[in-house]
Structure formats: structure tokens, C-alpha cells
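Reading through the C-alpha cells given below for one structure.
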Amino acid sequence: MEEAKQEAKNILEIVKELIPKEAGLTKVEFEGPDVAIYVKNVSAIYGDQNVIRNVSATIKKKLIVRSDTSSLMDPEKTTKKIIEIVPQEAGISEEGIRFVPEFNEVQIEAMKPGLVIGKGGSTLIRIVTETGWVPKVLRIPTMNSDVIKGIRQMLIKESDFRKKFLSSIGKKINQPIVKSEWIKATALGGFREVGRSSLLLETNHSKIIIDCGVSPEPAVKGLDAITGDENKAFPYLDSANITINDLDAVIITHGHMDHIGFVPYLFKFGYEGPVYCTPPTRDLAALLLYDYTKLVQRSGGTPLYDEKDIKKMLSHMITRDYGEVTNVTDEIKLTYHNAGHILGSSLVHLHIGEGLYNIVHSGDMKYGFTRLLDPADARYPRIDSLFIESTYGGPRDIAVNRQESEIQLMELIKRVIQNKGKVLLPVLAIGRAQELMLTLETYVANNPQYKLDVPIYLDGMILESSAIHTAYPEYLKAGLQHRILSNNSPFENEIFEVAKGERREIMERGPAVVLASGGMLNGGTALEYFKALAEDEKNAIVFSSYTSPNSLGRKVVSGFKEIALPGEDGKLMPINIKMQVHRSEGFSGHSDRRQLMSFVQNLRPGPKKIFTMHGEEAKCDDLARTFAARFHVEGRAPMNLDSIRFK
Ligand SMILES: [Zn+2]
């Protein structure tokens, strides 16, 4: 312990020595994984950009520079000053300027953050040197997002807590590196199955969890409703022989329920440590988790956790962008890489000890073309072991060509519309909805052959999800990013109409295309439309995502002609399905077999061991064996509860 204090002190001492005297340093402290300094004269630091670079490089940590409280300008004057300094086109307003005295920080919300930052950060530097407040620039999504508004307000309100929390995490992380003798991973969930993904990674003195999800089926039914299948709903945390506060960190790959759905439960049961994720993952997870609790409550159930627990989780989140190297314990460094699956989705690179071991965990990944995201990153500093998803890893999982799928979909829509029908596209609100919107926009708005002249309605969570996408253009493909930044967002194209509670009218009006959330027709807006449109053979429904075996979507896809569903009065009413039922493959956010193979082939450096996960048993097994044979590596498909020793 004494030694630990010593090491922590060392980093802070080094920083002290490296800061120029004229800066008037008053305080150096840990702030989560970063180091924050407080100085009387910020110009002395910002006058020479090398100072920050040198210090960061020496301590291998992010350095945050703040003014000493004594040199802060009065907030009212600061607001005026900021409005004076920032060009009007940046789209800032007085209400969008908020002070966070706990961090001596001013948050500035802007339509065009680039203009608040200025060339080479020049405008930011002017603000901080003239007012003392360090600006944090936040992008205003081009579409209204209640989730983002809520999270930003909540984080400001929780500043006092955040300050203490980050300081305690910082002290814990910055203990001296004690050389670990062993490293092992234990499969807690999502191995030889899809759902409840979770992997525990342990060394002599670190314990972290990568992902902590729930299985999709029970999550839809309402977690309380699980009886027989309870054992398959959640990760095997109880088996790991650890108490919740033994955990040093939870690392999340992306915002889907089967990867994050169990995390609020950890907080309900007393977890107080950090949860690492990218900023968009935090926001998308908030959207899905709140929606899930509402869905369960509405259906008369009791969710596994409530809004209070979700809020607690959000206030314990530490967000990192792709490429930022971050110590999550003294000996484990985390770096996120683009996974191409959904907005903010990541492959996790973990560097353990000083070159002792390197692990890459794929989360869910797409190594192929999508309209929204770049393909998954295949370059890493070092890899010893790779954990890779196998959702479509079976030998017959070869996806339909994307372009062909798009044209087939457009032809189908054209045909139905010409015959005066309506097309219902039930979609996953995150990812698939935006892919389809981008496809529709490309063809309908820009290809005269597919000009529809009918409204394309958007209903349900799709809007909020799209809005979150517009807050993070830097996570999207370059072309799309450019369009959002230059006020030409495809998500706001005039071909789309927002359904504002006029569902009945839409269903009674003429031909239309409806994108509604609820990809499996389990609740969600899509179900409402389905009930109203199913009995007319002129209409069509097109599924573009996975439907789980017990979902209504699966029944419809597999050709059921009559289904009983609760009507408005709650009584079951029979529905005769006369509408045309189609599946559109090729829009998946997962890699198919070929893409998984070429990802591993192109991976640099190549891994020595490959473990498959997140797929049906036979697929995980076959894929692992194929990797082993093709790439001369050790390939295994671990079972849940298996432990793997690396060192
Ligand atoms: Zn996913």
C-alpha cells in the first residue's frame, strides 16, 4: 500500500516538474484514467502546445489543463465573451452555455463545433485564456434528441459525484504495476449461443468484465416472466466466485441489450466501479435500456431494474473514443477500435502488463460494406488471442450481395406502391433503420427510376436513434459525415415524414412506405401497423433482420396465415395474414462467413489463438475448427463457464 502511494505520487511529481513555472501550478490530481492540472495562468500552457504533448507522452496519460478557481471570470461575463468570440455560424446560444464549477469547465453546445474549436484549436484557446474556463464543446444533434439532452443534463447535475468518483478511480488505477504471474479468461455468457454476452478476465490482481448482456428472448418477454429458462437469461456471474465490488471495471463493446442489458443490474446490487464505452454507445444504451423498462412495465411486468439503476450506471460511465489508450487497471490498457456493427460499436484491444499479453475481443462486428459505417479495423499493435463473434459463422452463412438486396427491395416497394398497397418495414431502431433510410434516400431521392411519389413514414424509436447518429458524425463513414456536417443529412431528407401520433390516418390513407421500430414484431410500433395492414393482400411486410424463434416475426416469416393478437380492449382477436411477406437479406450488421474469414486473414498482426463466441453451437464449433485449419492457429469454441489460461 505504501508502495502504491509512492507510485501514484511519482506520476503527479513528474507532472509538477514538467509544467513551466510561469503557469502557476496549484493542483495536480487523478481524474479517472487521466491527470488534471490546475494553473493560475493557462496561457503559459496553451502558448506552447508542446507542453501538453510532452507531459502526456511522458506519463502515458491524457493531460487535462484547467484554471485555478481564483483566475475564473464571472460566469455572466464569460457567457458574453464566448458569444463575442465564437462566430455566429457556429450556432451557439446563451442557453447552450453551461458552467460546471466542479471541473472549472464551461460546456458549449454548438450546431457546428468546428467553429467553436477554431483552426488548430485557436478559438478554444482564446476562450480559455480570456475567461479561464476550459470549454468543452458538445455537438447539438441536427435532429432533436431527448436522450442526449437528458444525459447531458444528468451529467452536469452529477458533477459533484463525478468529481469524487473519478478521483477515487484514478487513485485505484495508478497503483504501481505488480507483475502478474497468470492471466485467465472465463466465459460467463454468450459462448456457443447468442445473447447474454460476458467474458471475465482475471490476473493475480485485476478483474474486469467485457460485456454483460441479457438474452434477447427473456428481455422481450419481461425479465420477471422467465421461469424455466432463467438459467439462460443472464451471465453466470455467480459462478465466478467474485463479489461485485471485486470487479475493477466493466468494458462494453456496444449498446445492444445482449451486450449491456445486465449492467444496470450490477449497479442495483451495489457495483460502484467504472463502465467504459464510447460516447455513442452510452447514448444508444440509455435509449434501449429505458425503452426496455418501459416496455416491461407497460406489459404489466416488473423489470429486472428500474430507471434509477440505469441512471446510476450512466453516472459511472467513462467514455473513450476510438484509438485512445486508457489504463483501466494499473496493468491493463484498453483501446477501442471501430467494429462496423452499429454506431459506436467497438473491438476491444487489451494490453496486459508491460508486453505480457494482448487480447482482441470483437464484440459484434461487420467486416464488409454498409452505408453507415466503415468496415471493422483489422490493424492492432499486438495480438496474442482473438475472441471473435460467430453469428453468421456457419459454412452456409454466405450473405446475399448488398447491392442486389437493395435493388430487390426497391423493386418490391415499387411494385406494391404501383398496386396501391403499403409497405411495412419493421426494423431494429438502431443500425438497420438507418441503413434502410440511407438506401431509400439513395434510390428514391437520387434515382428517377425509383422515384416513389408516396410518403415514407418514420415511426417509433427510429427518430431518437437517428438523432443520436447525427450527434456523432465522426463515427460514421466519411461521405455521410460530410453530409451531416454540411447540413445535408440524409436522415432529414424531405422524402421522410415523421409520424406524429397519426397512425390511424396513415393506415387509412393511400399507398405509403412505413419504417417502424420492432424488427421481430414483439411490441414496438411495427406491431400496431402490422395489425392494421395484415389483412389486405395489396400490402407487404419486409423483414430485414434476425427474428428469434419464438417471436411473432418468426411466425409471420415462416408462413402462419392466422394469428391471434390482443386488440385495443386487450381481448385476443384473430388476424388473417393476407399481406405479402418477404425477407430481405443482405442488410446485416454482422459479418458473414466469408467476411469473418477475410477479417482473420487480413488481421495484422495475426493472432496465435482464436476463440469463437456469439453464435449457435454448431457455427462456433465449425468456425473455430476452420480457423485452426486455415490459419494454423489454436482454434476453440469455449463453452459457457470454461476458463482459458493464457499465462
Ligand atoms: Zn450487436
Side-chain angles (χ1 to χ4, degrees), residues 188-191 193-199 209-220 234-235 250-263 275-278 280-289 291-292 322 336-348 360-368 370 372-377 387-393 397 399 427-436 461-462 465 468-469 472 475-476 517-520 522 544-548 551 553 587-592 595-596 599 612-616 619-620:
L188 297 185
F191 285 77
E193 64 177 354
V194 175
R196 58 165 170 177
S197 282
S198 195
L199 180 73
I209 276 184
I210 305 167
D211 283 346
C212 200
V214 292
S215 293
E217 285 281 329
V220 173
F234 320 124
V250 175
I251 293 172
I252 299 298
T253 60
H254 67 286
H256 277 150
M257 287 295 283
D258 55 332
H259 296 260
I260 196 172
F262 205 60
V263 179
V275 177
Y276 292 89
C277 62
T278 61
T281 294
R282 176 195 61 200
D283 297 356
L284 293 175
L287 175 64
L288 288 179
L289 290 165
D291 185 70
Y292 151 73
Y322 295 148
Y336 280 127
H337 291 258
N338 169 41
H341 171 62
I342 58 167
L343 177 73
S345 65
S346 321
L347 288 115
V348 167
V360 170
H361 183 292
S362 75
D364 289 353
M365 55 166 278
K366 175 78 172 178
Y367 192 59
T370 70
L372 203 56
L373 306 165
D374 285 325
D377 272 6
F387 285 84
I388 190 165
E389 68 128 315
S390 322
T391 321
Y392 296 111
D397 289 330
V427 285
L428 299 170
I430 295 171
R432 206 61 46 88
Q434 289 73 34
E435 282 293 334
L436 287 173
M461 224 161 65
I462 298 171
S465 164
I468 295 174
H469 282 70
Y472 298 102
Y475 278 80
L476 305 172
S517 29
M520 303 191 203
N522 279 333
S544 58
S545 46
Y546 175 77
T547 51
S548 63
S551 63
F587 288 92
S588 176
H590 293 274
S591 306
D592 71 353
Q595 291 163 345
L596 290 167
F599 173 75
T612 55
M613 57 182 184
H614 199 284
E616 289 160 20
K619 296 186 181 186
C620 286

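Along the sequence shown, residues are numbered consecutively beginning with 1. Values below: every heavy atom of this structure, side chains too, minus hydrogens, waters and symmetry copies. Both ligands and their constituent atoms are indexed starting at 1 by order of listing.
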Item to check | Gap separating the CD atom of E389 from the CE atom of M613, nearest 0.5 angstrom | outcome: 7.5 Å

Item to check | Geometric class of the Y367/F599 ring pair [parallel <30°, tilted 30-60°, perpendicular >60°] | outcome: perpendicular

Next on the checklist: Check the orientation of H254 and H341. Use parallel for under 30°, tilted for 30 to 60°, and perpendicular for over 60°.
Outcome noted: perpendicular

Item to check | Sole candidate of I430, D283, L343, L428 that passes side-chain contact (heavy atoms from CB on, under 4.5 Å) when paired with S465 | outcome: I430

Item to check | Lys/Arg-Asp/Glu bridge criterion (N-O < 4.0 Å) met for D258, R196 | outcome: no

Item to check | Residue pair Y475, Y322: steps toward the ring-ring contact (aromatic ring centres under 6.0 Å, His included) verdict | outcome: CA-CA 9 Å; Y475 278 80; Y322 295 148; 4.8 Å; yes

Checklist entry - At distances under 2.8 Å, what protein N, O or S atoms surround the Zn ion (ligand 1)? => result H254 NE2, H256 ND1, H341 NE2, D364 OD2

